[in-house]
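Okay, structure first, notes after.
Everything numeric in this text was worked out from a predicted model, so none of it was measured. We count ligands from 1, going down the list as the structure has it; atoms in each ligand are counted the same way.
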Amino acid sequence: MRTQVAIIGAGPAGLLLGQLLHAAGIDNVILEQRSGDYVLSRIRAGVLESGTVRLLDAVGAGARLHAEGLPHDGFDLLFDGARHRIDLAGLSGKHVTVYGQTEVTRDLMELRAGQGALTVYEAEKVALHDFDGDAPYVTYLDRGEQKRLDCDFIAGCDGYHGVSRASVPSRALKTFERVYPFGWLGLLADVPPVSHELIYAGEERGFALCSMRSNSRSRYYLQCALNERVDDWSDERFWAELRRRLDPATAEALVTGPSLEKSLAPLRSFVAEPMRFGRLFLAGDAAHIVPPTGAKGLNLAASDVHYLSEALREHYAERSSAGIDAYSTRALARVWKAERFSWWLTGLMHHFPDHDGFGGRIQQAERAYLISSPAAMTALAENYVGLPF
Ligand code: FAS
Ligand code: PHB
């Protein structure tokens, strides 16, 4: 089989890239190791930047998003018992849209299936070949049968643990990493959100996030130790700890109920440079990871594939390699700004080991300055709504 672009991974990066290439008339095949149902079962991001919404609209995947997504003009920071609203719309002129990654993935999957574009689910033993030459190809097992996909380019959209970045010789890669001394325990429940906007709480007992998927489905997170196990957290224990990390009025307003899902995610900042190796391009989590505090992971995947699809369109339509040659530098410029913001907001709102020492005093000073300075809040707002593509 032959295609122009082989895409590894059917997460948001791979699926959105597939649609952007389809819109440009560029043939592509997606190889995904899991089933479609499994991909949809993963509960992840919840906040879309306006740039991501524009891309979804551009490929025709925005209808349900506009019908069911929740535009948010601000969010609260809670610390020292007080909630401080960050007026995103007033400070940046933009808003974000609360719409779960699961729904984005579902919309893109349905659009792709309706166009008859090929996604091979449960593709096993995917292996990348000759991407440092002019005739790359991918091999994989399809229901036990060895297959080969010849292509012009390979897009590695297979996430942090994928095969694409692992296929690059280590001498060709420079990686940067910061692992945080805590994780996030997430809970999804069909209960009304405690507030109409998100609340990022940074009280003594640790970080908590009050988010949502709709006006009847809530998403909550608790900072937890890395050695915590989900099975040790009953719903009752989760709700009781969440209440302790909220101010009394918010705790009182909290509606609890049975969890639909609970999961633990470690937090790390990670970047692999460059994001291009011959005819292999990395995009999304395959190239970088941010702590979810800034809600940037999914949105960075979107800007990566925006740049990559433009570069590939230029290659085929204008016979120019300028976009391809500039892809890594262009993508990394935005990636590092999002890495900085995500690291900063994580530092501002989480409980670190040196909380009682120098680091704790710096955090207090950072918070006091932020809520006293329109300029500081504007900087927070323009990063949160998403810097320009
Ligand atoms: P993804 O990991 O989503 O998709 C990669 C796909 O490649 C997967 O479907 C995988 O099965 C497939 N794959 C992997 N190896 C393969 C192989 N060898 N062959 C074929 N296919 C392969 N971001 C936020 O903004 N907010 C959040 O709250 C948030 N929470 C998160 C929680 C967790 C547990 C994780 C892991 C991430 C979270 N993120 C969050 C970040 C997340 O949303 C990612 O940024 C987003 O999924 C990136 O999308 P992709 O780059 O497509 O990678
Ligand atoms: C979520 O709803 O999953 C979510 C929202 C905002 C974040 C992280 C996660 O910063």
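Among the atoms of Tyr384, none of the N or O lies under 3.5 angstrom from an N or O of ligand 2. Between Pro292 and ligand 2, an N or O atom pair is found at a separation short of 3.5 Å.
Ring-plane geometry between His129 and Tyr137 is classed as parallel, the angle between the planes falling under 30 degrees on a 0 to 90 degree scale with a further cut at 60. Between Trp184 and Tyr221, the two ring planes are tilted [angle within 30° to 60°].
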Handout entry: Residue pair Asp304, Arg334: steps toward the salt bridge (charged side-chain N to carboxylate O under 4.0 Å, His left out) verdict
Key = CA-CA 9 Å; Asp304 286 352; Arg334 191 170 194 271; over 6 Å; no
Practice task
Apply the test side chain to side chain donor-acceptor pair (under 3.5 Å) to residues Trp336 and Glu273: give CA-CA distance (whole Å), side-chain angles for both, the deciding distance (0.1 Å), then the verdict.
Solution key: CA-CA 11 Å; Trp336 275 112; Glu273 292 185 0; 2.8 Å; yes
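Checked against the 6.0 Å centroid threshold, Phe277 and Phe131 do not count as a close aromatic pair. The aromatic ring centroids of Phe207 and Phe182 lie 6.0 Å or more from each other. Two rings, from Tyr160 and His288, have their centers 6.0 Å or more apart. Ring centroid separation for the pair Tyr200 and Phe75 comes in under the 6.0 Å cut-off.
The Val47 neighbourhood of ligand 2 comprises atoms 5 (C), 6 (C), with distances under 4.0 Å to a heavy atom of that residue.
Remark: minimum distance from atom 6 (C) of ligand 2 to any protein heavy atom is reached at Tyr200 OH, 3.4 Å. The protein heavy atom nearest to atom 3 (O) of ligand 2 is Tyr221 OH, 2.7 Å.
Close to ligand 2: Trp184, with a non-hydrogen atom less than 4.0 angstrom away. Gln101 does not count as a contact of ligand 2, since none of its heavy atoms falls under 4.0 Å from the ligand.
The contact shell of ligand 1, taken as protein residues with any non-hydrogen atom closer than 4.0 angstrom, comprises Ile8, Gly9, Gly11, Pro12, Ala13, Leu31, Glu32, Gln33, Arg34, Val39, Arg42, Arg44, Ala45, Gln101, Val126, Cys157, Asp158, Gly159, Gly162, Val163, Tyr221, Ala265, Gly284, Asp285, Pro292, Ala295, Lys296, Gly297, Leu298.
Between Glu310 and Arg313 no salt bridge is recorded (no basic side-chain N to carboxylate O distance below 4.0 Å).
In summary, of the residues considered (Gln223, Glu241, His351), a side-chain hydrogen bond (donor to acceptor under 3.5 Å, both in side chains) with Arg205 occurs for Glu241 alone.
Using a 4.0 Å cut-off between heavy atoms, Arg44 contacts ligand 2 through its backbone alone, with no side-chain atom that close. At a heavy-atom distance under 4.0 Å, only side-chain atoms of Leu209, from C-beta outward, approach ligand 2.
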